[in-house]
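Notes follow once the structure below has been shown.
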Amino acid sequence: MDIITYGKVVKISNEIKEAREDNVTLDARLDKIALGSITTVKEKEDLPSPSVPGAFYGVTVDESNQNLPTLYIYSDGYRRIVGSDVSYNSNGVLKIDGVNVMVYEHPAFHSADILIDGEQNKAFTSQERLKLSGIEEKANFYEHPKTHVADMIVDGIGKKVFTSIERNKLENIESEANHYIHPDTHSADMIIDGATHVSMTLSERRRLSVMDPWNAISDLVDYTDVVTYFAFDMQGRVIRQVVTDNYTEQIVTEPLLTMPISTDGYTQNDSFLVISVGEVHRLDGQVFVQLPTLVDVIYQYDDKGRLDSKSITRMAATPIQTNFKYIYDSLGNRIAVKKY
């Protein structure tokens, strides 16, 4: 069976009749023609049974109507449409009262190129579809303002927003400042003199460290008749002082904890102080000879580097030992010396 579509089909039985009775031409009543489709068959016996109520059928050779093309409508059976001279002319054309009327049905599919824009709806071009494909769902037309408050910004992966508290903190940090933690200990070489406090060199410390010892023994010996040797710790503090009656000054090459087991490395007249026993020895060319000692002073310091105590032993027929204890206040000032 062939499907023939049409755009306007005459409501044949009533519309034409009303047009004639009202002396109105058929063309004036065509706006009442309804949309629909006509299924054509060759003979009446080819009509489907049952059919869809309200469906139109065209029989091209109708034996019951002098083998003429005839229109039928289905409603609990087929009923021939009468009341006017209506016949099937050709594919897509009906003849109504001698006038050919084009029958048209919009195809299920066709190219969009035949569409034109209407007042409310518009055709869609390929360029517009391509543009639309690159727009996310629910996207809207948004233009970012030139300026806006920072409150609408959230942290990203690489960059973060800046709060008012952080800005105030930054304003109090000097330019090119860094995160610095002063070490618990460091070399004194990095200290420079201030307005009220000054740094002390190693030479100054050594000079200062011997001021107490000289004062302590000034009433014991005649400076012109003795040679004084000092032993220092790693901080440059005097830890032992030995006064001899040797009138020829000797250079102590190093302080030693114990006597060396060999003379290797020493030359004649090399002298050294053995801290553990408070003795000065000199190489006479073959062996180490102990120099006579008049005074032996031993110094001890507290964990803050302050002189804590000292003992002075005067060598004679009967050695005499004098001990001193130093007392400091909370500010590190020496406030008393205890002698016993």
Side-chain angles (χ1 to χ4, degrees), residues 180-246 249-260 271-281 290-316 318-340:
Y180 173 75
I181 299 177
H182 196 73
D184 293 335
T185 59
H186 63 76
S187 170
D189 294 335
M190 62 185 295
I191 300 176
I192 61 174
D193 292 346
T196 58
H197 295 77
V198 296
S199 58
M200 183 169 63
T201 65
L202 184 60
S203 176
E204 291 171 333
R205 166 167 281 182
R206 289 177 176 175
R207 290 174 56 193
L208 182 63
S209 66
V210 300
M211 292 176 65
D212 259 332
W214 276 114
N215 292 335
I217 63 172
S218 61
D219 58 341
L220 302 179
V221 297
D222 184 354
Y223 300 152
T224 59
D225 297 333
V226 300
V227 176
T228 303
Y229 296 96
F230 296 95
F232 302 91
D233 61 13
M234 296 301 295
Q235 285 74 40
R237 299 174 299 196
V238 173
I239 57 175
R240 198 128 192 179
Q241 177 184 2
V242 176
V243 181
T244 72
D245 60 355
N246 190 325
E249 181 179 358
Q250 303 295 327
I251 298 177
V252 176
T253 58
E254 57 181 334
L256 303 177
L257 292 177
T258 58
M259 284 287 296
S271 301
F272 53 86
L273 170 66
V274 183
I275 299 175
S276 58
V277 295
E279 298 173 350
V280 177
H281 292 257
Q290 180 181 352
L291 300 181
T293 302
L294 299 179
V295 178
D296 182 16
V297 186
I298 299 176
Y299 302 87
Q300 294 182 341
Y301 301 86
D302 60 17
D303 55 0
K304 295 182 179 180
R306 299 174 303 195
L307 182 61
D308 182 64
S309 62
K310 65 182 177 182
S311 63
I312 303 176
T313 302
R314 182 179 178 183
M315 302 300 177
T318 302
I320 301 174
Q321 186 176 57
T322 305
N323 299 311
F324 296 86
K325 180 71 175 177
Y326 298 89
I327 303 171
Y328 301 86
D329 61 14
S330 60
L331 298 178
N333 301 312
R334 186 187 298 178
I335 58 175
V337 178
K338 181 180 179 182
K339 181 180 178 180
Y340 57 95

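Keep in mind that this is a model prediction, so the values were computed, not measured.
The two residues Leu307 and Gln300 come nearest to each other via the heavy atoms CD1-O, 3.5 Å. Annotation for Tyr180 and His182: closest pair OH-ND1, 2.8 Å, computed over non-hydrogen atoms. For the pair Gly305 and Arg237, the tightest heavy-atom approach, listed with the atom from each and the gap, is CA-NH1, 3.1 Å. Residue Met190 comes nearest to Ser187 through the heavy atom pair CG-O, 3.2 Å, listed as atom of the first residue, atom of the second, then distance.
Applying the salt bridge (charged side-chain N to carboxylate O under 4.0 Å, His left out) test to every pair with at least one member in residues 180-194, sequence neighbours left out, gives no pairs at all.
Counted within 6.0 Å of NE2 on His197, heavy atoms from surrounding residues, nucleotides or ligands total 12 or fewer; the atom is thus considered open. For Ile335, the CD1 atom sits in a packed shell: over 12 heavy atoms of surrounding residues, nucleotides or ligands are nearer than 6.0 Å.
In summary, Asp308 and Lys325 engage in a salt bridge, as defined by a charged side-chain N under 4.0 Å from a carboxylate O.
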Under the side chain to side chain donor-acceptor pair (under 3.5 Å) criterion, do Lys310 and Tyr326 qualify, and how do the steps go?
CA-CA 9 Å; Lys310 65 182 177 182; Tyr326 298 89; 3.0 Å; yes
If you apply the rule side chain to side chain donor-acceptor pair (under 3.5 Å), what do you find for Tyr301 with Gln235, and how did you get there?
CA-CA 11 Å; Tyr301 301 86; Gln235 285 74 40; over 6 Å; no
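Residues His281 and Val274 meet the side-chain proximity criterion, which asks for heavy atoms closer than 4.5 Å. Val295 places none of its side-chain heavy atoms less than 4.5 Å from the side chain of Gln241. Val242 is listed as a side-chain neighbour of Thr244, based on a closest heavy-atom distance under 4.5 Å. With a 4.5 Å cut-off on side-chain heavy atoms, Phe272 and Pro260 count as touching. With a 4.5 Å cut-off on side-chain heavy atoms, Lys304 and Tyr328 do not count as touching.
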